[in-house]
Amino acid sequence: MSADRGAAVSPAAVPPVGARIRQARLAKGVSLRALAREVGVSASLVSQIETGKSQPSVSTLYAITTALSISVESLFDVYEEEAAAAPAVTASATPATVLHALAAFAADPGRRIGPLVAAGAHETLELDSGVVWERLGHVPGTDVDFLRVTYRPGGSSSSSGGLMRHAGTEYGYLTSGELVLTLGFDEYTLGPGDAVCFESTTPHRYRNDGAEPAVGVWFVFSESVQ
């Protein structure tokens, strides 16, 4: 199936991350204060994140998802949930039904057609401290964060300056700008073309000390969250 590359495509809407965090917290019977204590932040901050009044930093987001035993990838799964709730197309469906379904997918740039996610249609998540995540794709049933990551000048994965750790194995490739990685007791400066890989359980932090955005492609592979 071909797509019109000349058509204008708008970025997909920011997922309701706060609402999804609240839904997961309530489903597990965890109080707001208990979650805040485990993450190490104030209850008011968790409340502001859940209501969309504040965005979490990268480190806070990973701490919350770890505490709730959910994957970061699940926070993006808007369209997968809609697809699961939609009636299945069976062999008895009329051609018009199939055509209407295909037309609905094609009309919505936030949805992918087959394995393709059109340029400009990536779901985008603005985080605190000058960090932007764009989901480049997702295979249902897998816990892989496949992201285009941007650290704006002065941006950092932790607004407090602390190191973070979370489950998984992390692979990153910087395409432009400069990014400083603190990994354990060591510090590395990444430039365009540099790549990193390490166990995400090692305390780490990213920051951009430069005057231009640092942009790269990141994969974080995690074990299935129970």
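Sequence positions, counted from 1, serve as the residue numbers for this chain.
- Each salt bridge (Lys or Arg N to Asp or Glu O under 4.0 Å) pair with one or both residues in residues 158-177, not counting sequence neighbours, would appear here, but there are none.
- Hydrophobic cluster membership is shared by V149 and V196, with clusters built from Ile, Leu, Val, Met, Phe, Trp and Tyr side chains linked at under 4.5 angstrom.
- Under the side chain to side chain donor-acceptor pair (under 3.5 Å) criterion, S57 pairs with S59, T60, sequence neighbours left out.
- To the nearest 0.5 angstrom, C197 atom SG is 14.0 Å from Y173 atom OH.
- The backbone N or O of G161 sits less than 3.5 Å from a side-chain atom of R205, completing a donor-acceptor pair.
- Note that CG of L61 is 9.0 Å distant from OG1 of T66, once rounded to the nearest 0.5 Å.
- Between atom CZ of residue R207 and atom CD of residue E178 there is a gap of 10.0 Å, rounded to the nearest 0.5 Å.
- Here the closest non-hydrogen pair linking V131 and S156 is CG2-O, 3.4 Å.
- Taking hydrophobic clusters as Ile, Leu, Val, Met, Phe, Trp and Tyr residues chained together by side-chain heavy-atom distances below 4.5 Å, L26 does not share a cluster with I21.
- I70 has its side chain out of reach of I64: every pair of non-hydrogen atoms, C-beta onward, lies at least 4.5 Å apart.
- Contact check for L127 versus P56: side-chain heavy atoms found under the 4.5 Å cut-off.
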Output, in order, the C-alpha distance, side-chain angles, deciding distance and verdict of side chain to side chain contact (heavy atoms under 4.5 Å, CB included) for V41 and I49. CA-CA 11 Å; V41 298; I49 291 171; over 6 Å; no
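- In this structure, the side chains of S54 and D128 stay at 4.5 Å or more apart for every pair of heavy atoms.
- Using cut-offs of 30° and 60° on the angle between ring planes, the pair H204 and Y206 is perpendicular.
- In this structure, CG on L183 lies 9.5 Å from OG on S200, to the nearest 0.5 angstrom.
- The nearest pair of heavy atoms linking V220 to H166 is CG1-CE1, 4.0 Å.
- Applying the side-chain contact (heavy atoms from CB on, under 4.5 Å) test between R152 and each of V215, N208, V132 identifies V132 as the sole match.
- Hydrophobic clustering keeps V180 apart from Y188 (ILVMFWY residues linked when any side-chain heavy atoms are closer than 4.5 Å, directly or through intermediates).
- Side-chain atoms of S47 never come within 3.5 Å of backbone atoms of A43 as a donor-acceptor pair (strictly under, hydrogens ignored).
- Side-chain N or O atoms of T124 include one that pairs as donor or acceptor with a backbone N or O of H122 at under 3.5 Å.
- Here the CD atom belonging to E123 is positioned 11.0 Å from the CG atom belonging to L147, to the nearest 0.5 angstrom.
- Scanning all heavy atoms of the two residues, the minimum distance from P192 to G177 falls at CD-O, 3.2 Å.
- Put simply, the side chain of L125 does not reach to within 4.5 Å of the side chain of L75, judged on heavy atoms.
- Take E199 and apply the side chain to side chain contact (heavy atoms under 4.5 Å, CB included) test, not counting sequence neighbours, and it matches T169, T201, T202.
- Residues passing the side chain to side chain donor-acceptor pair (under 3.5 Å) test with R25 are E50, sequence neighbours excluded.
- Scanning for side chain to side chain donor-acceptor pair (under 3.5 Å) contacts around S42 gives S44, with sequence neighbours left out.
- Using a 4.5 Å cut-off on side-chain heavy atoms (C-beta onward), W218 and W133 make no contact.
- Contact between L190 and L174 at its shortest, heavy atoms only, is O-CD2, 3.3 Å.
- Looking at Y62 and V72, their side chains come closer than 4.5 Å, going by heavy atoms from C-beta outward.
- Using a 4.5 Å heavy-atom threshold, the side chains of V217 and Y171 count as separate.
- Residues passing the side chain to side chain donor-acceptor pair (under 3.5 Å) test with S158, sequence neighbours excluded: S160.
- Taking both residues in full, the closest heavy atoms of L163 and G184 are given as CD1-O, 4.0 Å, listed atom of the first, atom of the second, then distance.
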